[in-house]
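Chain identifiers are assigned alphabetically (A, B, ...) following the order of the sequence lines, protein sequences preceding nucleic acid strands; residue numbering begins at 1 within each chain.
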There are 2 protein chains.
Amino acid sequence: MTTDSFELEQFLPYRLNRAAEFVGLRFAAHYKAKYGLTRPEWRTLAALGSSGRMTSKAVGIHSSMHKTKVSRAVFALEQRRWLKRSQDEADRRLEHLELTAAGQQAYRELIELARRYQTELELEIGESGIEALSTGLTAIEQVIRRSGKGKRPEPDDL
Amino acid sequence: MTTDSFELEQFLPYRLNRAAEFVGLRFAAHYKAKYGLTRPEWRTLAALGSSGRMTSKAVGIHSSMHKTKVSRAVFALEQRRWLKRSQDEADRRLEHLELTAAGQQAYRELIELARRYQTELELEIGESGIEALSTGLTAIEQVIRRSGKGKRPEPDDL
DNA sequence: AATTGATGGTTACATTTGCAACCATATCGT
DNA sequence: ACGATATGGTTGCAAATGTAACCATCAATT
């Protein structure tokens, strides 16, 4: 018999997606309201802020975004004068990205916001919940890493 | 000092989103390839399949989708002749949705797919990982429920 | 029964996304 | 040195999404 019960509520992809959406949207509301940033932009800022000068491609890898998303986010941040590009001398295809002073300032404010939100979350979810979650996520992250290796004739995406 | 390190990789919203995307997209690939379904459509089908006859609004609540998404998904499934609507006699604003025979057939196949995927996941992630994840998700779900109550003068969304 | 306000559901419009094609430059094999 | 192929990055276009406005019906108040 294959017609057994199936409940969306206990289906892992559904549950994960719901949780991610809830947690993510609430945070997004903060920086969207305060700075009008989109999520790709915030991620790019975060990547650049924490790792310093790097290329678009590196940003994409670091923050798991498709290159088009990165491209557009970089453009937006550039408009805002929060980052500047510079051509690589040796290889003229790639350009290095770096936050401007204003960008770094914004970064500092944003991560402060992020930290506050994280502790707020920890409060709501409870220490044990957070810990369990983290363990589970780590397990998935391993799967992601594994699945990233060896596959993909076109390592274009993600 | 507020300039401490901040790593996107350990920021909960980021981690959750990444995990959800990975797990969700891989599953979506299955039903997208096989049936050309979108996620809202799959969710609607799942809701209807497991709970039987219900209204659009109920589908939305059951599967946490905005009413416009539900509306479009219902339309698509109707085109496909997987569901039929019927007006409520007492209250003519609302319509009851029900899967057709073909819809139920599809539902059975889909949940079979879903079950296979879930066990595949459990295998990859490991029993302990799954358990931790589930505990953590349950904690978040409680927060979601709590935050749903009392608030919102317009209980329109979600 | 007429006005006001909810409610279920759809539609129009702007924004965001994903995909594929593309451009420029670089690398490899010969 | 030359053509094939790969790579970093951008762009065009179609599809998915969110928001707000909307329509029809119902409920409550008067």
Just by modelled atom types, is the [Y] backbone N or O under 3.5 Å from a matching donor or acceptor in the [X] side chain?
X	Y	answer
B/Y117	B/V23	yes
A/T100	A/R81	yes
B/R43	B/S63	yes

Inset, instruction - Name the nucleic acid region contacted by B/R85, choosing base, sugar-phosphate or nothing; use a 4.0 angstrom heavy-atom cut-off, strictly under. - result: sugar-phosphate
Inset, instruction - For A/A58, report the nucleic acid contact type (base, sugar-phosphate, nothing); a contact means any heavy atom under 4.0 Å. - result: nothing
What is the separation between atom [atom1] on [X] and atom [atom2] on [N], rounded to the nearest whole Å?
X	N	atom1	atom2	value
A/D91	C/dT27	CG	P	6 Å
A/M65	C/dG18	CE	C1'	14 Å
B/H66	D/dA16	NE2	P	17 Å
B/R39	D/dA15	CZ	P	19 Å
A/E21	D/dT17	CD	P	10 Å
B/K67	D/dC23	NZ	P	14 Å

Legend entry - Step-by-step salt bridge (Lys or Arg N to Asp or Glu O under 4.0 Å) determination, A/E112 to A/R116: CA-CA 6 Å; A/E112 194 39 39; A/R116 267 206 295 280; 3.8 Å; yes
Legend entry - Stretch residues 68-84 of chain B: residues that reach within less than 4.0 Å of DNA chain C through a heavy atom: B/T68, B/S71, B/R72
Legend entry - Intermediate values then yes/no, side-chain hydrogen bond (donor to acceptor under 3.5 Å, both in side chains), B/Q142 and B/R145: CA-CA 5 Å; B/Q142 272 169 354; B/R145 264 190 298 283; 6.0 Å; no
Legend entry - Co-membership, hydrophobic cluster, residues B/M65 and B/L94, 4.5 Å side-chain: no
Inset, instruction - Please report the shortest heavy-atom distance between A/F6 and B/R115, naming the atom on each side. - result: CB-NH2, 4.4 Å
Inset, instruction - Take the angle between the ring planes of A/W42 and B/F11 and call it parallel below 30°, perpendicular above 60°, tilted in between. - result: perpendicular
Inset, instruction - Report yes if at least one side-chain N or O of A/K57 is closer than 4.0 Å to OP1 or OP2 of D/dG8; otherwise report no. - result: yes
Inset, instruction - Establish, from distance only, whether the side-chain atoms of A/R85 and A/S56 form a donor-acceptor pair under 3.5 Å. - result: no
Inset, instruction - Identify which nucleotide among D/dA24, D/dG8, C/dG9 has an atom closest to any side-chain atom of A/L94, counting heavy atoms from C-beta outward. - result: D/dG8
Legend entry - Check: A/R92 side chain, C/dT25 base, donor-acceptor under 3.5 Å: no
Legend entry - First encountered from the 5' end of DNA chain D, between B/R93 and A/K32: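 Nearer the 5' end of the strand: A/K32.
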Inset, instruction - Using heavy atoms to find the nearest nucleotide of DNA chain C for A/T38 and A/A90 separately, return the residue whose nucleotide is more 5′. - result: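 Its nearest nucleotide lies further toward 5', so the answer is A/T38.
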Inset, instruction - Could you list by number each residue of residues 40-49 of chain B showing a heavy-atom separation from DNA chain D of less than 4.0 Å, or answer none if no residue does? - result: B/P40
